[in-house]
Amino acid sequence: MHRPITVDDLRSGGRLARLGSRCLLFPQIDSTNGYLLSRSAELEDGTIAFAELQTAGRGRLGRRWLAPRGSSILLSVLLRERRDSPLVARDTGAPLASLAAAVAACEAIESCCRCSPMLRWPNDVVVGGRKLGGVLAESTPLGSHGDMRALVIGIGINCLQHAGHFDASLAESATSLEIECSHAVDRAALTGALVVRLDERLASSQVACDALQAWRQRCDDVGRGVTLDHDGHRYTGTVVEIDDHGDLVVELLNGGRRCFASATTARSW
Ligand code: BT5
């Protein structure tokens, strides 16, 4: 059913501890992440932004997120965190927050759909080896003292697309719940479930740290071959582990072990 998502849908999953202080719905916007980041000084912690269409949806490293109007969940949340919070510490890619949100997306999908997504480092939600969704965590300093940061976590989940709805460049790599599930997909119910799971997973930095374990259990990257682009160089090797910072540890083909941070590393599909 193609009806726009409402504020009631966003709150329909149950009681919220941190998220939902304010819920903003956009029929069309450039990017929900961009909106929350640019207004982070005036918006409250826990603000949610949801869009039916993004005209400049963002992926990592300057890439685009493409989704037809009304087809998807395109949702971002704003958190105000101390600069030394594990959620934002080390780099602006905020790897722990991103991993926690990806776990929340899988949990929400499993609770609403007969579908069990997997996770692929650093931020992909996948089904059958195809990308169903992605997470983009971005952060910016707040205020003049510099001890607080705005952390914006955006999630895109393909819900109602059929094969022909995807951009030609995504034909081989993308999928949707509509394609993967043998039943009608309730985008509104899934949106409510996602907000609740995000609320649980992002309520505190400790909970987000715990999400790392859940993330590892849903990821089968370890032992697999991987090709990565980092700092102008291409690296090939075998994944050893995802370490406690959310970085990928790789045994390189040409010898040695190296750790790759998500904020600066692109992975070949
Ligand atoms: C991501 O980046 O996967 C993060 C996606 C985050 C999107 C959400 S939507 C709400 C919020 N507001 C925003 O502006 N963004 C967030 P990355 O790993 O860089 O993946 C991007 C790549 O995935 C693109 O270069 C395409 O190859 C592919 N792609 C684009 N749209 C896709 C889609 N709908 N389904 C599957 N793959 C897609």
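All heavy atoms count here, side chains included; hydrogens, waters and symmetry mates do not. Remember, it's 1-based here, ligands and their atoms both numbered in the order they're listed. Quick note: residue numbers are just sequence positions, from 1. Note that the structure is a prediction, hence the values are computed from the model and not measured.
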Is the shortest heavy-atom distance from the side chain of Q54 to the side chain of S31 under 4.5 Å?
-> yes
N158 contact mode with ligand 1 (heavy-atom cut-off under 4.0 Å) = side chain
Looking only at heavy atoms, is any part of A67 under 4.0 Å from ligand 1, and if so is it the side chain, the backbone, or both, or is it neither?
-> neither
Atom CG of L53 and atom CZ of F26: how far apart are they, to the nearest 0.5 Å?
-> 13.0 Å
V135 to ligand 1, any heavy atom closer than 4.0 Å = yes
How far is atom 26 (C) of ligand 1 from its nearest protein heavy atom, and which residue and atom is that?
-> L170 CD2, 3.6 Å
Quick one: look up the protein heavy atom nearest atom 9 (S) of ligand 1 and list residue, atom name and how far away it is.
-> Q54 NE2, 3.4 Å
Counting only heavy atoms not in R224, do more than 12 sit closer than 6.0 Å to its CZ atom?
-> no
Counting from 1, what ligand 1 atoms have a heavy atom of G59 closer than 4.0 Å?
-> 2 (O), 4 (C), 19 (O)
Near G156, which atoms of ligand 1 are under 4.0 Å from a heavy atom of that residue?
-> 7 (C), 8 (C), 9 (S)
Which protein non-hydrogen atom lies closest to atom 3 (O) of ligand 1, naming both residue and atom, and how far is it?
-> K131 NZ, 2.7 Å
Is the closest side-chain heavy-atom distance between V77 and T47 below 4.5 Å?
-> no
Any N/O of Q161 closer than 3.5 Å to an N/O of ligand 1?
-> no
Nearest non-hydrogen protein atom, atom 1 (C) of ligand 1 = N123 ND2, 3.3 Å
Charged N to carboxylate O below 4.0 Å: is that the case for R218 and E110?
-> yes
Is there at least one pair of N or O atoms, one from L66 and one from ligand 1, spaced under 3.5 Å apart?
-> yes
Atom 24 (C) of ligand 1 has as its nearest protein heavy atom R64 O, 3.4 Å
Shortest protein heavy-atom distance from atom 15 (N) of ligand 1, along with the residue and atom involved | R58 O, 2.9 Å
Does the side chain of V195 come within less than 4.5 Å of R11's, by heavy atoms?
-> no
Close-contact set for ligand 1 against G57 heavy atoms, below 4.0 Å = 14 (O)
Going by the atom numbers of ligand 1, which of them fall below 4.0 Å from some non-hydrogen atom of L75?
-> 10 (C)
Nearest protein heavy atom with distance in Å, relative to atom 36 (C) of ligand 1 = A174 CB, 3.5 Å
Checking side chain to side chain contact (heavy atoms under 4.5 Å, CB included) against L177, which of D186, L160, N158, I109 comes through?
-> I109
Decide yes or no for I153 and R201: does some side-chain heavy atom of the first lie under 4.5 Å from some side-chain heavy atom of the second?
-> no
Side-chain ion pair, D244 and R216, N-O less than 4.0 Å | yes
Residue pair Q161, S72: steps toward the side-chain hydrogen bond (donor to acceptor under 3.5 Å, both in side chains) verdict = CA-CA 8 Å; Q161 291 99 326; S72 301; 3.2 Å; yes
Nearest candidate to atom 10 (C) of ligand 1, where distance is taken over non-hydrogen atoms, out of T55, L37, I157, T32 | T32
re atom 38 (C) of ligand 1, the protein heavy-atom contact at minimum distance is W65 CZ3, 3.5 Å
Test item: side-chain donor near acceptor, S169 and D167, under 3.5 Å = yes
